[in-house]
Peer 1: 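Sharing a structure, written as C-alpha cells. Questions coming.
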Protein chains: 2
Amino acid sequence: MSEPEKRDSGDRGTATAEKPRLDRQRILEAGAAFIEQFGPRHLSMRRLGTQLGVEAMSLYRYVPSRENLLDGIVEVVIDDLYKDPEVYSEPRHGWQDYLLRLAHGLRRLALAHPQVFPLIATRPTEAPWVRPPLRSLRWVESFLKALTSAGFSDQAAVDAYRAFSSFLLGHLLLEVAAMGADVGPVDEAEPRPPKSTDLNGYPLLQRLQERLSEDRSEQEFEEALESLLDRLEALQA
Amino acid sequence: MSEPEKRDSGDRGTATAEKPRLDRQRILEAGAAFIEQFGPRHLSMRRLGTQLGVEAMSLYRYVPSRENLLDGIVEVVIDDLYKDPEVYSEPRHGWQDYLLRLAHGLRRLALAHPQVFPLIATRPTEAPWVRPPLRSLRWVESFLKALTSAGFSDQAAVDAYRAFSSFLLGHLLLEVAAMGADVGPVDEAEPRPPKSTDLNGYPLLQRLQERLSEDRSEQEFEEALESLLDRLEALQA
DNA sequence: ACCTGAACACCGTTCAAGT
DNA sequence: ACCTGAACACCGTTCAAGT
C-alpha cells in the first residue's frame with residue numbers, strides 16, 4: 001500500500017513511453033493512432049510492437065493476425081459513432097432528422113480519421129448486405145427500424161438503405177482522398193511534390209483549374225444529401 | 001524464312017507457357033490478369049515474374065517499382081473505356097445521353113474487372129481534382145466540355161463533375177464488393193465460409209434478410225442515375 | 001541489351017524457451 | 001501468465017555479374 005509503484009529498472013526510455021500493459025483494446029487504439037499518423041501501409045506488426053514498447057510477437061497473444069488487427073481497428077474507430085451525442089440510434093424527430101444526423105455523424109467520423117476511413121469503406125464486411133460505411137448489424141437494424149416505423153414498406157426501406165450507403169461511401173471516400181488520405185497504398189515519405197500537371201491541350205481544365213481546386217465538399221455533401229432525402233421521400237408508402 | 005521457329009532448348013515448360021518477350025505493356029496486362037485471378041493482395045513482383053517465366057528482378061527493367069506497376073495496371077484497364085464503342089468522348093445526342101453512356105461504360109468496366117476496380121477507385125490520382133473513377137485529364141476535359149457546351153455555367157459543370165464522380169464511386173465500389181471482390185485486402189485462400197451470421201436480437205434483419213440479399217444493383221444504378229440527371233438538369237443555366 | 005544470383009533490409013507468423 | 005529469440009518462408013529493391 002505504502003510502496004510507490006516503481007520497479008528497480010525505472011523507466012527504460014522505450015519508443016514512445018513506458019506503457020502500462022498489453023491488452024487487445026490498447027493494441028487496437030495504438031493501431032488506429034499509428035495509421036492516422038503514418039498511413040495504413042506503414043503499419044506492420046513489428047512497428048506497432050515497437051510503438052508499444054514490446055516485441056511484435058507479443059501482439060499475437062491478443063490479436064490472431066494482421067487482418068484481424070485491421071478489422072479491430074475499424075471497429076474501434078467506428079465505435080465513436082455510438083458515442084456521438086448528435087446521432088440517435090432511433091428517430092426522435094422523424095426519419096429525415098434521423099438520417100441527417102446519421103449522415104453528419106459519419107462525415108464527422110471520416111474527417112476525424114481520414115487515414116482510417118478508407119479501411120472502414122473498403123474492408124470486407126461480415127455479410128455482403130452489411131454495407132460500408134455503416135458496417136454493423138446494429139446500425140443496419142437501426143436504419144431499417146427507423147424507416148419501416150416511418151411508414152416505408154419493407155422493400156422501400158431496403159432500397160433506402162442501399163441508396164444511403166452508396167451516397168455516403170462515394171462522398172466521404174472522395175472527401176478524405178482529397179485531404180491526401182491513404183486511399184489504398186500511398187507514400188507519405190514523399191510529401192507529394194507540387195506536381196504542376198501539364199495542362200497543355202486541355203483548355204477547359206486550364207480555364208477551370210481554380211474552380212476545380214476549390215474545396216466545396218461541405219456544400220456538395222449537404223446538397224446531395226438533401227436531394228437524396230427528397231428521393232427517399234418518394235419511396236415512402 | 002524456311003526455318004521453323006524453334007530453339008535448341010525447345011519448350012521448357014515454364015509456369016504458364018513460353019511467353020514471347022518482356023516489355024512494359026505485356027507486364028501490365030499480365031499484372032491485370034493476375035489480379036483478376038488471385039486478387040491484388042497476392043500480386044508480388046516475384047510471383048508476377050514467375051507467371052511470366054522470368055525472375056522478378058527482370059521486371060525492374062520495365063517497371064520502376066511495385067507502386068508504378070499498380071498504377072500502370074489501372075491505366076491499362078481503364079483504357080478499355082476509350083475502346084468502348086458505346087461511350088462517346090463528346091456528346092452526340094445531348095449531354096444526358098453522353099452521361100448515361102459514360103456511366104454505363106464505367107459500370108461495364110467495373111463488372112468486367114471486379115478485382116481491379118477497387119484499385120481504380122482508390123489509388124491516388126495525379127491531382128486531387130482528378131477524381132476516381134474517371135481518373136484521367138482527358139476524361140475530365142471531355143466531361144467539362146460536354147456540359148459547358150450544353151449551356152452549363154463553369155461552376156455548374158464542375159459541380160456536376162463532382163456529383164457524377166461520387167455517384168459512380170459509391171455505386172460501383174459497393175457493387176463489385178458485393179461480388180466478393182477484393183476491396184482492400186482479402187483472403188481468397190478461404191472461399192468465404194457460409195458465415196450464417198447470428199441474427200438473434202435483430203428482428204428486422206431477420207424479416208428482411210431475403211430482400212437484403214437480393215441483387216437489385218442494376219435497378220438501383222438506373223434509378224439513382226436517373227435521379228442524378230434530374231438533379232443536374234436543375235443546375236443548367 | 002537483356003536477364004540473373006546474391007544480398008540487404010524488411011515482412012507475418014510459429015514455437016520452444018525464458019522469467 | 002506473459003513476453004522473447006530464433007527461425008521459416010516470404011517480401012521489394014539494388015547491383016555486380018553473366019550471356
Peer 1: Both distances under 3.5 Å, Watson-Crick or G-U wobble: report the partner of C/dA7, or none.
Peer 2: D/dT13
Peer 1: Taking OP1 and OP2 of D/dC3, is either one under 4.0 Å from a side-chain nitrogen or oxygen of A/Y62?
Peer 2: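 So the side-chain polar atoms of A/Y62 do come within 4.0 Å of the phosphate oxygens OP1 or OP2 of D/dC3, strictly under.
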Peer 1: Counting only heavy atoms not in B/E220, do more than 12 sit closer than 6.0 Å to its CD atom?
Peer 2: yes
Peer 1: From CZ of B/R66 over to P of D/dT14, roughly how many Å is that when rounded to an integer?
Peer 2: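 For the pair B/R66 CZ and D/dT14 P, the rounded distance is 15 Å.
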Peer 1: Could you write nucleotides 4-10 of chain C as a row of B, S and -, 5' to 3', where a protein heavy atom under 4.0 Å of any base atom gives B, of only sugar-phosphate atoms gives S, and otherwise -?
Peer 2: BBBB---
Peer 1: Which whole-number value in Å describes the distance from B/R26 CZ to C/dC2 P?
Peer 2: 14 Å
Peer 1: Between atom CG in A/D23 and atom P in D/dC2, what is the gap in whole Å?
Peer 2: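 Those two atoms, CG and P, are 11 Å apart.
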Peer 1: Which base, if any, makes a Watson-Crick or G-U wobble pair with C/dG18, both distances under 3.5 Å?
Peer 2: D/dC2
Peer 1: Between A/R24 (CZ) and D/dC2 (P), how many Å, whole number?
Peer 2: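 Nearest whole value for this atom pair: 16 Å.
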Peer 1: Should we count CZ of A/R138 as having more than 12 external heavy atoms under 6.0 Å?
Peer 2: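 For A/R138, atom CZ is not crowded (no more than 12 foreign heavy atoms under 6.0 Å).
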Peer 1: Would you mind reading off the distance between B/E67 atom CD and D/dG12 atom P, rounded to a whole angstrom?
Peer 2: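 The answer, rounded to whole Å, is 11 Å.
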Peer 1: Take atom CD of B/Q25 as the centre, draw a 6.0 Å sphere, and report whether it contains more than 12 heavy atoms from other residues, nucleotides or ligands.
Peer 2: yes
Peer 1: Hey, can you tell me if B/F143 and B/F164 have their rings parallel, tilted or perpendicular (30° and 60° cut-offs)?
Peer 2: tilted
Peer 1: Between C1' on D/dC11 and CZ on B/R41, what's the gap in Å once rounded to a whole number?
Peer 2: 12 Å
Peer 1: Does NZ or CZ of B/R47 lie under 6.0 Å from the centre of the six-membered ring of B/F34, at an angle within 45° of the ring axis?
Peer 2: no
Peer 1: Drop me the distance from B/L134's CG to B/L102's CG, to the nearest 0.5 angstrom.
Peer 2: 5.5 Å
Peer 1: In whole Å, I'd like the distance from the NE2 atom of A/H42 to the P atom of D/dG12.
Peer 2: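 Going from A/H42 (NE2) to D/dG12 (P), I get 15 Å.
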